[in-house]
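Below is one structure, written out as structure tokens; comments come after it.
Sequence lines set the chain letters: A, B, ... in the order given, protein chains first and strands last, and positions in each chain run from 1. What you see below is based on every heavy atom in this structure, not just the backbone, and it leaves out hydrogens, waters and symmetry mates.
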Amino acid sequence: MTSTAFLQYCLTGISIGGIYALIAIGYTMVYGILRLINFAHGDIFMMAAYFMIFAMVDFALPWYVSIILVLTATVVLGVVIEKVAYKPLRSAPRMSIMISAIGVSYLLQNLATYLFSALPKGYPTIAFLTKTIRIGTLSTSVVTFITPILTLAFVFILIQLINHTKMGMAMRAVSKDFETSQLMGIKINRVISFTFVIGCFLAAVGSILYFTPRPSVYPLAGSLPGLKCFIAAVFGGIGSIPGAVLGGFLIGLSETFIKAAGYSEFSDVFTFILLIVVLLFKPTGLFGEKITEKV
Amino acid sequence: MKKLFALAMATVMTLSLAACGGDTGNNGGGDAAGIAISGNTIKIGVFEPTTGENGGGGMQEVLGVRFANQVAPTVDINGTTYNIELVEVDNQSDKTAAVTAAQSLISSGVVAVLGSYGSGVSIAAGQTFADAGVPAMGCSCTNPQVTLGNDFYFRTCFLDPFQGTVMASYAMDQGYKTAALISQNGDDYSTGLAAFFRQAFEGMGGTIVADETYQTNESDFNAILTSVKAANPDCIFIPSSIATATLILPQAKANGITAQIIASDTWENETIISAAGDAAEGVALSTFFDENDEENPVAKEFVTGFKAYLNSNPNNLTLNGGSDGVAAVSALGYDAYMAVYEALKALDGTEGDLTSVSIRDALKGVSFNGVTGSISFDENGDALKNVAYIKQIKDGKFQFLKTQSAE
């Protein structure tokens, strides 16, 4: 392997890893607050891609308007799902709400199949993102290059938000003790909605970054990335934001290097084996032990 | 806590299993005597993928068949006029679903079957048709295994060994000495073509410098393309589905790959140009048919008629990928229907019951001028063809480059 090829693999791996990290944050935050694994998250990511097609292809809006629309629509979708499918089950056993999440996941997939057909649709091109750039001997598209930078920027903002704002303090309180924080006057429904807003916002950003260089959207497009990001969240310690980010980057890199070694058929196998190994030997994940920091 | 994780893990497992699962078909008992024609209607099954990976191309083939049915809706046999009715099923580009779809065709009483697009599904369903004694006429399934050892499977297109060899000859003629291969793991069409290309290319003195494979529904080819780029080939042969092509072309461009990309018949689809844009420029591919072929009167007539048929209904245009370009697979769908139609005509004057087996026997002797050249079948049921058309994407259009025979 030449050094150019090696750097190229690193760039690819970090880029896909950044997208996984953005989606994994959505899993981990919802788990932190609600103790719910939101299986519909991958499908919200898929719906965000269809929103983009609507905005840019069907309504021919310029890309900057489309991006704002996509972010808004995805956030609204996430909050509506929470209000309709999860909120009424808040006092029900955890099993029920998880089954509800699986139901929402299938509902979104089949709704998309019904509305948009199972045929892959082309994702619109945002010209400046798909431009090819050269960095030394490396050749890549702008989007691949800026993905990890954007990811880290969003993670930084998110951590500031959680540690230094009133809402962040409320989120930390809720994640520690749901009922007590309610007694202390925290408006629990607002905190939960806000969590979904952040999760879906990041999923929408991830969706734009993911589908721009892989311009093919179909109703099941969110299911495998969704599962992988869930594994990234578990690997990093579900409930921990830095854990989810690290998990995302590690899965992205390992996947790319396994493909680079010529074993592309084993890249997904590896990811799922990783899940089993983590659950067997360190079920709390990399950063999962410090329960106090869970958000 | 631990219980919750165990539950989560079980759920993940179930979800991933559900993705792999699917219906397993029943083993319907075959009746070697075939299915008899009853009443005044002859039912012909259309066994094509209209959803799934090959949904787009499969649909174009169905359009060709529907048009053919419009052109020749009835046939006279022994003084009776029979209406030909199409029974369409969707095999979902999935080998398991294909068997179920084939069985549903058989149980609806079809006496012949057209299709499919894609070799994998045709191979999977071949035994079902043979057991029932119903002849199947493949349109664009190019793997040898489709007809080999199956007395009931025929096809109107050329084969993978021929197509692989043609593309290898083309690469050699262009002066390429090294080639890279990218194929889909577990897909008979893709791996078959790659293997035949390798055999022919190496036989002519070329070198394969990289041989990469990817998984079904893969969307990220960056790692593979990096390896290919590092090997620095003169050309890259990518026999793949349309969906893969629309993903791999922009990524190849972003990775700065400048080697000539050559492909196979599947890529002849307008979607590739509209989805990949600039990145598709220069791609060369082999195909069964060219709409600008002036030498064949049957083809000229077909192109005019088919364009009118597409433009008569906006829905047809959408299904054809948004333009009235005539795809090779539509022409093959038309030819497949006409081959069965010729066989039905040949039954005129025969004695005894009209069954699906007698149609099969008649197919063996069929010889006619089709849209994609003269068609007759060898002992395996393969169409006898010796020329492929090479097209290149230039200025956002498929342009006819030359005809290429295998060396």
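S227(B) and Y9(A) share a side-chain donor-acceptor pair at under 3.5 Å. Between the side chains of Q8(A) and T226(B), no donor-acceptor pair of N or O atoms lies under 3.5 Å. Checking Q60(B) against N269(B) by side-chain atom types alone, a donor-acceptor pair falls below 3.5 Å. Side chain to side chain, N315(B) and N313(B) fail the donor-acceptor criterion of an N or O pair below 3.5 Å.
Note: N255(B) leads D211(B), T271(B), I257(B), N255(B) in heavy-atom pairs under 4.5 Å with chain A. Ranked by heavy-atom pairs under 4.5 Å with chain A, the list T213(B), T51(B), N54(B), T246(B) is led by T213(B). The candidate from A254(B), G56(B), A276(B) with the greatest count of non-hydrogen atom pairs under 4.5 Å with chain A is A254(B).
Counting non-hydrogen atoms of neighbouring residues, nucleotides and ligands closer than 6.0 angstrom, the CZ atom of F266(A) reaches no more than 12 such neighbours. Counting heavy-atom neighbours within 6.0 Å of F178(A) CZ, excluding the residue itself, gives a total above 12.
Interface residue I16(A): only side-chain heavy atoms are found under 4.5 Å from chain B. Using a 4.5 Å cut-off between heavy atoms, Y210(A) contacts chain B through its side chain alone, with no backbone atom that close. Proximity to chain A is absent for every atom of E53(B), based on heavy atoms less than 4.5 angstrom apart. Contacts of P215(A) with chain B are made by both backbone and side-chain atoms, with heavy-atom separations under 4.5 Å. Heavy atoms of S216(A) lying under 4.5 Å from chain B belong to its backbone as well as its side chain. Residue T50(B) touches chain A through its backbone alone, counting heavy-atom pairs closer than 4.5 Å. Contact annotation for D220(B): both backbone and side-chain heavy atoms come within less than 4.5 Å of a heavy atom of chain A. Heavy atoms closer than 4.5 Å to chain B are found in the side chain of T132(A), but not in its backbone. Neither the backbone nor the side chain of Y123(A) comes within contact range of chain B; no heavy atom of the residue lies under 4.5 Å from a heavy atom of that chain.
Remark: I231(A) CD1 to L275(A) CG distance equals 4.5 Å, nearest 0.5 Å.
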Worksheet item: What's the verdict on side chain to side chain contact (heavy atoms under 4.5 Å, CB included) for Y106(A) and I102(A), showing C-alpha distance, side-chain angles and the deciding distance?
Response: CA-CA 6 Å; Y106(A) 279 97; I102(A) 295 172; 3.8 Å; yes
